**Q** 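Below is one structure. I have some questions about it.
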There are 2 protein chains.
Amino acid sequence: MNNKFKDFYSLNMKETKQKIKESVSDENFILQTINYIGELDRIFNILMKRLREWYELYNPEFSRRVQDHAKFVELILEGNDEKENDSMGADIDKKDLKEIKDIALRAKDIFSERKSKEEYLEKLMKEVCPNLTAVAGVTIGAKLISLAGDLKRLMLFPSSTVQLLGAEKALFRHMKTGARSPKHGIIHEHPLVASAKDKGKAARAVADKISLAVKVDYFKGEFIGGKLRKELEERLK
Amino acid sequence: MNNKFKDFYSLNMKETKQKIKESVSDENFILQTINYIGELDRIFNILMKRLREWYELYNPEFSRRVQDHAKFVELILEGNDEKENDSMGADIDKKDLKEIKDIALRAKDIFSERKSKEEYLEKLMKEVCPNLTAVAGVTIGAKLISLAGDLKRLMLFPSSTVQLLGAEKALFRHMKTGARSPKHGIIHEHPLVASAKDKGKAARAVADKISLAVKVDYFKGEFIGGKLRKELEERLK
């Protein structure tokens, strides 16, 4: 290589690296966090299924009585899991029991990691897209960004697309087989949609406001999220 | 209900509960543990995938350089993950970095739980079926019991079935479509099969000895596992 080309090459390389470096933003953290939270849920479920199956060899009546996973784990770890006198569960050595309770420890830890990541996500969302967060809520807002790919793409979608994000499967089924068209995607989890009688209408209204909120966020407009959310609640009352 | 029936009912109930209670054995713990270990592997992989993807926003060169998951986690947690000067990774705040390192903490914990459960499994296997363990090894032995359902069913299988346990998919494909018949199931992981030139012959020999070992274990015979293993090694030399 001659010197000129070498200079050009190394300068080009340096600039590209710099650009990659600068392309990382808080939005990336939002995507990582919301996906990680979904994975933590999966992990928690794997651990709880194993914990209950194994524990029920020892004290099935107690496991059936305490349905709530987090409470079940808490009570076991505190040792507040007395056996009934005529329990069907086997007598199990303390050291074998310890092996079972090890799973409860892990489940508890994963549960607390989830809580901490939820708080982190809330902080990120309020910084990056306060309006979207106010209208859609932290989790749905983050899932929408994740489904769209990034905030910019979400901003460019018409609100009818926003309404159906997360319902791609049902949408393609509709297009292919003529099955009923979906009325809402991930936003069916929104409390104002979930509690509405006419869910199609509610989903449309929520998607409209989300669409607007995302545009304000993307162009770094003022915070009008509180106002938007109130209007929405009025409309869907 | 008249009194006689009531007495009969409660006695019957009591006896049934007692029988259920007594049906739990160390074999159940083996099944729980080997299945749990498989789940811990899945969890570890989920965590590592997320950790690497997220961490690579910050220091991709380091992540690419350290391929071994356990070592990667160790170095990150020790803070021995220096960045190259011209790294493509973004500058990330300490508090955002902490959120990433939280994942490494979990991965490390799951890894150590796996180790501890492997040791527990070894202890159980040596107690319940020392001969099988000596011939097949801890993990393969436990997987064979799990595939058969319990030790008794494994004992009743002919050795040609033992040879194919874990290859059911390939076997049914063979029966349905006439594809090549499988020569070995889970025992292809056995070191004496893995290193053999003629894997079919080795699998047959290993399955024969396993079949014998399980029978001795089931009927609580003497420990001849060491002898069986040695014979096998001689034969397959």
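All values reported here derive from a predicted model rather than from experimental measurement. Chain A is the first sequence line, chain B the second, and so forth, proteins listed ahead of strands; every chain is numbered from 1.
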**Q** Tell me, for A:T33 versus chain B, whether the close heavy atoms (under 4.5 Å) come from the side chain, the backbone, both or neither.
**A**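 Contact with chain B involves both backbone and side-chain atoms of A:T33.
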
**Q** Flag the one option from A:K49, A:R42, A:K19, A:Q18 with the top tally of heavy-atom pairs under 4.5 Å to chain B.
**A**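 Most heavy-atom pairs under 4.5 Å with chain B: A:R42.
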
**Q** Got more than 12 heavy atoms from elsewhere within 6.0 Å of NZ, B:K126?
**A**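 Check fails, neighbour count at 12 or below.
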
**Q** CG of B:L105 to CG of A:D109: how many Å apart, nearest 0.5 Å?
**A**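 That separation rounds to 8.5 Å.
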
**Q** Quick one, B:L47 with A:I43, criterion side-chain contact (heavy atoms from CB on, under 4.5 Å). Give me CA distance, side-chain angles, the key distance, then yes/no.
**A** CA-CA 9 Å; B:L47 291 172; A:I43 292 173; 3.8 Å; yes

**Q** Flag the one option from A:R50, A:K17, A:E22 with the top tally of heavy-atom pairs under 4.5 Å to chain B.
**A**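 Among the listed options, the one with the most contacts to chain B is A:R50.
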
**Q** Are more than 12 heavy atoms, taken from residues, nucleotides or ligands other than B:K83, located less than 6.0 Å from that residue's NZ atom?
**A**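 Correct, the count exceeds 12.
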
**Q** With a 4.5 angstrom heavy-atom cut-off, is it the side chain or the backbone of A:K123 that approaches chain B, or both, or neither?
**A**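 A:K123 touches chain B through side-chain heavy atoms alone.
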
**Q** Please round to the nearest 0.5 Å and tell me the distance separating atom OH of A:Y36 and atom CZ of B:R106.
**A**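 Going from OH on A:Y36 over to CZ on B:R106, the span is 6.0 Å.
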
**Q** B:D102 and A:K117: side-chain contact (heavy atoms from CB on, under 4.5 Å), yes or no, with the steps?
**A** CA-CA 10 Å; B:D102 278 350; A:K117 282 296 177 285; 3.4 Å; yes

**Q** Salt bridge check, A:K14 against B:D86: does any charged N sit closer than 4.0 Å to a carboxylate O?
**A**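 No, this pair does not count.
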
**Q** Counting only heavy atoms from other residues, nucleotides and ligands, does the tally under 6.0 Å from CD of B:E78 exceed 12?
**A**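 More than 12 heavy atoms, drawn from other residues, nucleotides or ligands, come within 6.0 Å of this atom.
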
**Q** I would like to know whether A:T16 and B:M88 meet side-chain contact (heavy atoms from CB on, under 4.5 Å); could you show each step before the answer?
**A** CA-CA 9 Å; A:T16 306; B:M88 281 182 281; over 6 Å; no

**Q** Measure distances from A:I103 to the heavy atoms of chain B and classify the residue's part below 4.5 Å as side chain, backbone, both or neither.
**A**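 Contact with chain B: backbone and side chain both.
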
**Q** Counting heavy-atom pairs under 4.5 Å with chain A, which one of B:D26, B:I46, B:D91 comes out on top?
**A**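 Option with the greatest count: B:I46.
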
**Q** Is it the backbone or the side chain of A:I110 that comes under 4.5 Å from a heavy atom of chain B, or both, or neither?
**A**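 Just the side chain, heavy atoms under 4.5 Å.
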
**Q** What distance do B:L57 atom CG and A:Q32 atom CD have between them, rounded to the nearest 0.5 Å?
**A**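 Here the rounded value is 5.5 Å.
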
**Q** Could you tell me whether the side chain of B:Y58 reaches within less than 4.5 Å of the side chain of A:V24, counting heavy atoms only?
**A**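 No - every pair of side-chain heavy atoms lies 4.5 Å or more apart.
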
**Q** Would you call the rings of B:W54 and A:F29 parallel, tilted or perpendicular if under 30° counts as parallel and over 60° as perpendicular?
**A**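 Ring orientation of B:W54 relative to A:F29: tilted.
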
**Q** Using a cut-off of 6.0 Å, state whether more than 12 heavy atoms not belonging to B:F8 lie near its atom CZ.
**A**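 No, the 6.0 Å shell around CZ holds no more than 12 heavy atoms from other groups.
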
**Q** Just checking B:K21: does its NZ atom have more than 12 heavy atoms from other residues, nucleotides or ligands closer to it than 6.0 angstrom?
**A**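 Result for NZ/B:K21: enclosed.
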
**Q** Can you name the nearest heavy-atom pair linking A:S116 to B:E99, along with the distance?
**A**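 Result for this residue pair: OG-OE1, 4.4 Å.
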
**Q** Return yes when atom NZ of A:K101 has more than 12 non-hydrogen atoms of other residues, nucleotides or ligands closer than 6.0 Å, and no otherwise.
**A**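 Check passes, neighbour count above 12.
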
